[in-house]
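Take a look at the structure set out below.
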Amino acid sequence: MSEREIIFARIREGLSIKAHAHYGDGLPTTEEHRGVMPPVGASIEEQLALFAKNASDLKATFKLVKDASELTAELRALRDTEKWQRVATHKSPLAQTHSAALGLATLVADDGYDKHDMEQCDVGISECDALIAQTGTVLVTSRSAGGRALSCLPPHHIVIARREQLVADLPSAFALVKRTYGVSYPSMISFITGPSRTGDIERILVLGAHGPKKLTIFCL
Amino acid sequence: MMSAPATHFNEDARRVAPDTRHRGIIQTAMGKYEVVRDQRKLWFQDWQGARNLAARTKFESVNHLDKHLAEFTRTIEARGTKVHWASNAEQARNIILGILSDKQAKVIVKSKAMTSEEIHLNDAMEHAGYEVVESDLGEYIVQLRKEPPYHLVFPAMHLTRGEIKDLFQEKLNDAPSDDPEALTMVARRALRKKYLQADVGITGANFAIAETGMISITENEGNARLTAAVPKTMITLVGIEKILPRLEDLALFLPMLAVMGTGQALTCYNTMYGGPRQLGEADGPEEYHVVLLDNHRTTLLADAEQRDALGCIRCGACLNVCPIFRNVGGHTYGTVYGGPIGSVITPHLRGLQQWKHLSYASSLCGACTETCPVKIDLHHHLLQNRRNASALPTGKPSFFQKLAFKFFAPIANKPALWSLTTKLSRIGMKLRGLVNGSVVDPVQAWTKTRDLPPIAKQSFREWWKEHGK
Ligand code: SF4
């Protein structure tokens with residue numbers, strides 16, 4: 001017998017004695033989940049306001065921009081104040097074009113890259129799959145956001161989202177992942193909720209433990 | 001006779017409990033946690049309802065573990081992940097060492113994994129000549145101190161910034177100040193170098209999703225993200241009980257884990273990994289290995305009464321509320337899993353005879369059961385462990401215990417005798433005052449560490465006679 005079969009045999013033997021279901025049986029429905037989880041307003045305006053509030057509580061920056069030229073201006077201002085020299089991005093309609101407009105040395109993750117070069121970038125600019133109002137979360141995947149390292153290795157992560165990407169809550173976000181990818185899921189799906197942080201020293205909050213110290217979300 | 005772990009527990013508890021400095025550090029840390037945790041519970045529309053749903057989901061997962069595990073293996077293998085099975089710690093170590101030697105690895109970077117503590121993986125890897133670096137800040141700190149983690153969620157919560165500064169100065173020769181931010185940046189710089197050198201990344205897991213074949217990892221620092229992004233090979237070591245049936249179950253479990261673990265709405269990164277780098281993806285490991293670990297989890301599974309303990313999401317909330325944990329501290333347990341959940345499961349994982357003492361180190365206040373997000377009946381399980389321990393050959397009462405109960409039983413059974421005894425005891429209490437605490441004090445064993453409560457001036461029966469109608 002293989003080790004797998006041995007373990008399965010032990011599991012089946014163990015389960016031959018039934019346990020009592022004290023809190024009911026069967027998996028809860030999404031409606032049941034929604035009934036207990038934190039409330040989210042029904043209108044888009046409420047959800048946008050909630051996302052903005054959550055993002056600011058998390059010490060992320062969230063900005064609504066009305067068009068591409070305003071976005072370019074915002075990015076250029078950041079480039080100048082933070083003195084960026086190198087930017088990392090990925091093949092995508094929004095992130096790539098806006099990165100190009102910065103006129104800096106640009107690493108495009110999908111072209112294959114050297115990890116040392118990525119580590120030297122001052123900023124990673126990516127797109128995303130969704131913004132989640134309930135928790136102020138940005139949902140990215142290895143397909144929508146240029147792989148695994150782009151949103152994590154550079155010290156500043158900038159997300160360019162579209163307004164219609166806003167979803168109300170976590171159940172909607174998981175439903176969206178299933179709808180978008182079916183059975184061919186990306187190898188990484190990440191729910192990013194604020195910039196990287198730690199409280200491991202005396203429970204005092206420090207941003208930028210390993211991942212980005214800054215998270216900026218632009219919403220078109 | 002006391003087992004070696006019991007002796008160790010007693011000695012350490014005696015040393016740590018009166019240590020007011022230790023108590024101060026823990027109280028401050030817990031105080032901050034309690035405030036945010038309670039706010040977050042109120043953020044839920046119905047926290048108690050959420051606990052019920054979480055308990056139901058875990059019941060379904062654990063009680064159909066065979067079905068879900070089979071599905072998990074099928075779905076995660078479908079996208080190129082190699083799944084390994086380990087019945088015990090040694091097998092798990094050998095599987096991982098085998099992969100490392102296959103890949104001719106030199107530097108291994110790890111993100112937090114209690115399962116790896118359980119199988120003493122770091123020792124084995126270091127012994128085999130690999131350089132192993134823990135990347136979670138707290139884990140990194142305790143690794144530099146050559147200490148086990150103090151707490152499931154906060155490995156270095158027993159240390160002050162001053163101690164950490166001295167540690168970094170000694171080991172890294174880099175400690176500009178004792179400011180937490182500056183210290184964190186020291187670790188960030190040191191570990192960035194290691195990430196770029198590492199050949200293999202090893203992670204733990206918080207959940208394994210059967211339906212979609214994914215490992216879900218909850219963290220704040222981004223160290224697990226980097227562990228899964230930079231090295232060419234990724235290994236996840238996960239207990240077989242970590243299964244959740246569906247992807248959408250995470251919608252409930254991710255915020256609940258964050259609320260109870262750290263008092264956050266969601267931790268900074270909650271990431272699902274479904275395989276190595278897929279076609280068309282920019283980066284990611286070329287190989288992904290998932291090692292499924294039994295290591296006596298099936299022993300706990302076979303105990304239908306305590307099976308719910310397999311639903312534990314390792315949030316640490318029961319440790320945080322436990323008066324015993326807060327006084328004796330995390331290291332006193334001498335186990336990988338401390339606090340109430342550790343006291344419940346360690347006898348199953350490592351033997352009742354050796355570890356039964358943990359089930360007695362409890363006031364049975366039930367704070368753990370009340371707080372547990374998946375409603376594990378922790379304090380009753382401690383009682384069941386006590387019952388099971390007394391059924392062991394070594395658990396039989398001693399001659400003196402038997403004798404004592406021979407006298408006690410008739411007294412407790414006859415009201416007249418009982419009332420006479422209480423009256424005599426009141427006189428006895430007065431006389432005892434003369435010998436209080438000395439060697440001839442008959443209850444000296446008790447009063448060494450506690451006060452003897454006085455017997456009430458009036459019994460309930462007497463009071464009832466006076467006032468009752
Ligand atoms: S037993 Fe419950 S409270 Fe304790 S760590 Fe596990 S899930 Fe958390």
Side-chain angles (χ1 to χ4, degrees), chain A residues 3-4 6-8 10-15 17-19 21 23-28 30 32-33 35-39 90 109-110 115-116 119 135 137 142-143 146-149 152 170-171 174 178 185-194 196-198 200-204 206 209-211, chain B residues 29 32 43-46 49-50 52-53 55-57 59-60 63 65-66 85 87 137-138 156 161 164 180-181 183-184 188 196 212 220-223 225-226 228-230 245 247-248 251-252 265-266 268-278 281-284 294 298 301-302 304 307 375:
Chain A
E3 216 51 47
R4 175 193 158 121
I6 295 170
I7 293 173
F8 268 94
R10 273 201 299 268
I11 293 174
R12 292 201 179 107
E13 194 194 320
L15 290 177
I17 305 162
K18 295 281 168 259
Y23 307 106
D25 209 347
L27 292 168
T30 300
E32 284 179 283
H33 279 170
V36 298
M37 287 178 61
H90 61 108
D110 321 61
K115 56 190 174 186
H116 298 87
E119 214 267 334
T135 49
T137 300
S142 43
R143 223 170 290 163
R148 298 189 183 193
C152 203
L170 288 165
F174 283 106
K178 284 188 162 176
Y185 293 102
S187 72
M188 185 210 75
I189 302 169
S190 194
F191 289 69
I192 301 178
T193 311
S196 156
R197 61 196 58 214
T198 185
D200 274 350
I201 302 175
E202 293 190 9
R203 310 282 312 117
I204 292 164
V206 177
H210 285 285
Chain B
K32 289 182 189 171
W43 172 59
F44 271 69
Q45 289 176 70
D46 178 4
N52 282 326
L53 298 185
R56 242 171 78 188
T57 309
F59 182 88
E60 159 69 32
N63 284 281
L65 188 59
D66 49 346
W85 300 84
S87 277
L137 178 59
R161 58 180 93 180
I164 296 167
E181 162 127 39
L183 290 169
T184 304
R188 179 183 169 112
L196 295 176
T212 54
N220 266 312
E221 299 182 357
N223 62 309
R225 288 270 325 259
L226 291 177
V230 188
L247 187 61
E248 54 264 39
L252 183 69
L266 268 190
C268 194
Y269 301 103
N270 286 281
T271 311
M272 289 107 240
Y273 297 100
R277 173 186 190 171
Q278 304 289 295
E281 290 181 352
D283 54 14
D294 178 352
T298 43
L301 187 79
R307 187 176 293 158
K375 298 190 97 164

Based on non-hydrogen pairs under 4.5 Å, which of [options] is most in contact with chain A?
options	value
B/L247, B/V230, B/T212	B/L247
B/E181, B/R225, B/Q278	B/R225
B/N52, B/L183, B/L226	B/L226

Give, as side chain, backbone, both or neither, the part of [X] having an atom under 4.5 angstrom from any heavy atom of chain A.
X	answer
B/L301	both
B/T271	both
B/P180	both

To the nearest 0.5 Å, what is the distance between [atom1] ([X]) and [atom2] ([Y])?
X	Y	atom1	atom2	answer
A/L15	B/N63	CG	CG	6.0 Å
B/L266	A/T135	CG	OG1	4.5 Å
B/E221	A/H210	CD	NE2	4.5 Å
A/I201	B/I164	CD1	CD1	4.5 Å
A/M188	B/R277	CE	CZ	13.5 Å
A/T193	B/Y269	OG1	OH	9.5 Å

Review point. Among A/E119, A/H90, A/R143, which has the most heavy-atom pairs under 4.5 Å with chain B?
Key: A/E119

Check your understanding: For the candidates A/D200, A/I204, A/L170, which exhibits the highest count of non-hydrogen atom pairs separated by less than 4.5 Å from chain B?
Key -> A/D200

Within the distance-only criterion (no hydrogens, no angle test), does the side chain of [X] pair as donor or acceptor with the backbone N or O of [Y] below 3.5 angstrom?
X	Y	answer
B/T57	A/L27	no
B/D46	A/V36	no
B/K32	A/E202	yes

Are [X] and [Y] close enough for a salt bridge, meaning some N to O gap below 4.0 Å?
X	Y	answer
A/E32	B/R56	yes
A/R10	B/D294	yes
B/D283	A/R148	no
B/E248	A/K178	yes

Exercise for review: Sequence neighbours left out, what passes side-chain contact (heavy atoms from CB on, under 4.5 Å) with B/A304? Give chain and number order.
Suggested key: A/I17, A/A19, B/R307

Could you tell me which non-hydrogen atom of [X] sits nearest to which non-hydrogen atom of [Y], and how far apart they are?
X	Y	result
B/D66	A/I11	N-CG2, 3.9 Å
A/F174	B/A251	CE1-N, 3.5 Å
B/L196	A/H116	CD1-CD2, 3.8 Å
B/P276	A/S187	O-CB, 3.3 Å
B/G222	A/C152	O-SG, 3.9 Å

**Study point:** More than 12 heavy atoms from other groups under 6.0 Å of CD on B/Q45
**Key:** yes

Study note, to complete from the structure: Cut-off 4.5 Å, heavy atoms of chain B, and the answer for A/Y185 is both

**Study point:** Portion of A/V206 that has a non-hydrogen atom of chain B nearer than 4.5 angstrom
**Key:** side chain

